[in-house]
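Presented below is the structure to which this report refers.
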Amino acid sequence: MQTIPVKFLLHPVYSPALGFGVGCSKYAPGTVGTLVGVLFYLPLQYLAWPAYAAVVALLFLAGIYLCGETAGALESHDHPAIVWDEIVGYLATMLLAPSGWIWIVSGFLLFRLFDIWKPWPVRLVDKRMKGGMGIMIDDLIAAVYSWIFLQIIHILYTVSLS
């Protein structure tokens, strides 16, 4: 586990930003944080898409504050233990996703790919934007890439069945 004071894990602002503790994982905290996103998605997937989009938008806005405050407290631009951005990024990827585990897993893999790879402008935003907005926005852009590819794969899959 990464060295994060226990008081951070119990703090009402820092705890969510740290993925309720999973961000402290010694190995692949972003991937583990994205798995928390999957857990959030499981009940949220049943919302009508406008309600789902509203929840994701609220979680994104909350993340600007949560991640900014936590990064400041940890004295780090984007500490690896901060995984709220991965949670919300995965949820954004899954907007209007088809139902079924194959799509849940595909969304997970696509989001991790784009979040790790950081194609333009993800890497640029990650390096230049600071604070909570910087932490959140690069994952949102990665989620847009993931969302586009997930939708294309679904369309191609549907067409191939016809």
Side-chain angles (χ1 to χ4, degrees), residues 1-25 28-97 99 103-104 107-118 121-148 150-151:
M1 296 218 12
Q2 296 182 21
T3 307
I4 301 289
V6 173
K7 68 179 183 177
F8 277 60
L9 300 175
L10 302 174
H11 194 279
V13 172
Y14 308 149
S15 181
L18 300 172
F20 308 99
V22 302
C24 298
S25 170
T31 299
V32 179
T34 306
L35 288 172
V36 173
V38 173
L39 294 177
F40 274 53
Y41 176 72
L42 293 175
L44 292 174
Q45 69 182 317
Y46 300 106
L47 294 174
W49 78 264
Y52 182 90
V55 168
V56 173
L58 287 172
L59 294 174
F60 178 86
L61 292 173
I64 294 170
Y65 175 74
L66 297 171
C67 295
E69 290 295 310
T70 306
L74 291 172
E75 300 175 353
S76 173
H77 156 62
D78 187 359
H79 195 283
I82 297 173
V83 295
W84 185 260
D85 50 333
E86 277 82 15
I87 294 167
V88 176
Y90 176 76
L91 293 174
T93 296
M94 298 306 290
L95 177 66
L96 296 171
S99 61
W103 302 109
I104 292 171
F108 175 87
L109 294 173
L110 285 166
F111 178 70
R112 291 311 303 143
L113 170 73
F114 287 109
D115 188 36
I116 293 167
W117 177 26
K118 298 192 184 313
V122 179
R123 186 176 311 277
L124 180 69
V125 169
D126 184 50
K127 289 183 186 285
R128 294 200 179 162
M129 284 190 80
K130 302 297 181 207
M133 179 61 88
I135 293 170
M136 293 299 296
I137 200 75
D138 70 306
D139 285 77
L140 183 62
I141 299 168
V144 169
Y145 278 114
S146 306
W147 183 87
I148 290 168
L150 187 65
Q151 296 302 318

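Note that the coordinates shown come from a computational prediction; the quantities given were computed from them, not determined experimentally.
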Close side-chain approach of [X] to [Y], heavy-atom, < 4.5 Å:
{"X": "D138", "Y": "M129", "result": "no"}
{"X": "F8", "Y": "L74", "result": "yes"}
{"X": "L35", "Y": "V22", "result": "no"}
{"X": "I87", "Y": "T34", "result": "no"}
{"X": "F111", "Y": "M94", "result": "no"}
{"X": "V55", "Y": "L58", "result": "no"}
{"X": "I82", "Y": "H79", "result": "yes"}

Looking at [Y], is its backbone amide N or carbonyl O close enough to the side chain of [X] to form a donor-acceptor pair, meaning the two atoms are under 3.5 Å apart?
{"X": "T93", "Y": "G89", "result": "yes"}
{"X": "Q45", "Y": "L42", "result": "yes"}
{"X": "H77", "Y": "D126", "result": "yes"}

Step by step, work out the side chain to side chain contact (heavy atoms under 4.5 Å, CB included) result for D78 and D85.
-> CA-CA 10 Å; D78 187 359; D85 50 333; 4.2 Å; yes
Would you call R112-D115 a salt bridge at under 4.0 Å N-O?
-> yes
Residue pair V38, I104: steps toward the side chain to side chain contact (heavy atoms under 4.5 Å, CB included) verdict | CA-CA 7 Å; V38 173; I104 292 171; 3.8 Å; yes
Can you list the steps and then say if W117 with F114 is a ring pair (Phe, Tyr, Trp, His ring centres under 6.0 Å)?
-> CA-CA 5 Å; W117 177 26; F114 287 109; 5.7 Å; yes
Drop me the distance from [X]'s [atom1] to [Y]'s [atom2], to the nearest 0.5 angstrom.
{"X": "S146", "Y": "F108", "atom1": "OG", "atom2": "CZ", "result": "11.5 Å"}
{"X": "H11", "Y": "I4", "atom1": "NE2", "atom2": "CD1", "result": "13.5 Å"}
{"X": "W147", "Y": "L95", "atom1": "CH2", "atom2": "CG", "result": "7.0 Å"}
{"X": "F20", "Y": "L39", "atom1": "CZ", "atom2": "CG", "result": "11.0 Å"}
{"X": "M133", "Y": "F60", "atom1": "CE", "atom2": "CZ", "result": "5.0 Å"}
{"X": "L109", "Y": "L150", "atom1": "CG", "atom2": "CG", "result": "10.5 Å"}

Correct closest heavy-atom pair for C67 and W84 would be SG-CB, 3.7 Å
OH (Y65) with more than 12 external heavy atoms under 6.0 Å | no
Give a yes or no on this: more than 12 heavy atoms of other residues, nucleotides or ligands lie within 6.0 Å of atom NZ of K130.
-> yes
Hey, can you tell me if Y90 and Y41 have their rings parallel, tilted or perpendicular (30° and 60° cut-offs)?
-> perpendicular
Audit row: L59, L91, side chain to side chain contact (heavy atoms under 4.5 Å, CB included) steps and yes/no = CA-CA 9 Å; L59 294 174; L91 293 174; 3.7 Å; yes
Residue pair L18, L9: steps toward the side chain to side chain contact (heavy atoms under 4.5 Å, CB included) verdict = CA-CA 7 Å; L18 300 172; L9 300 175; 3.9 Å; yes
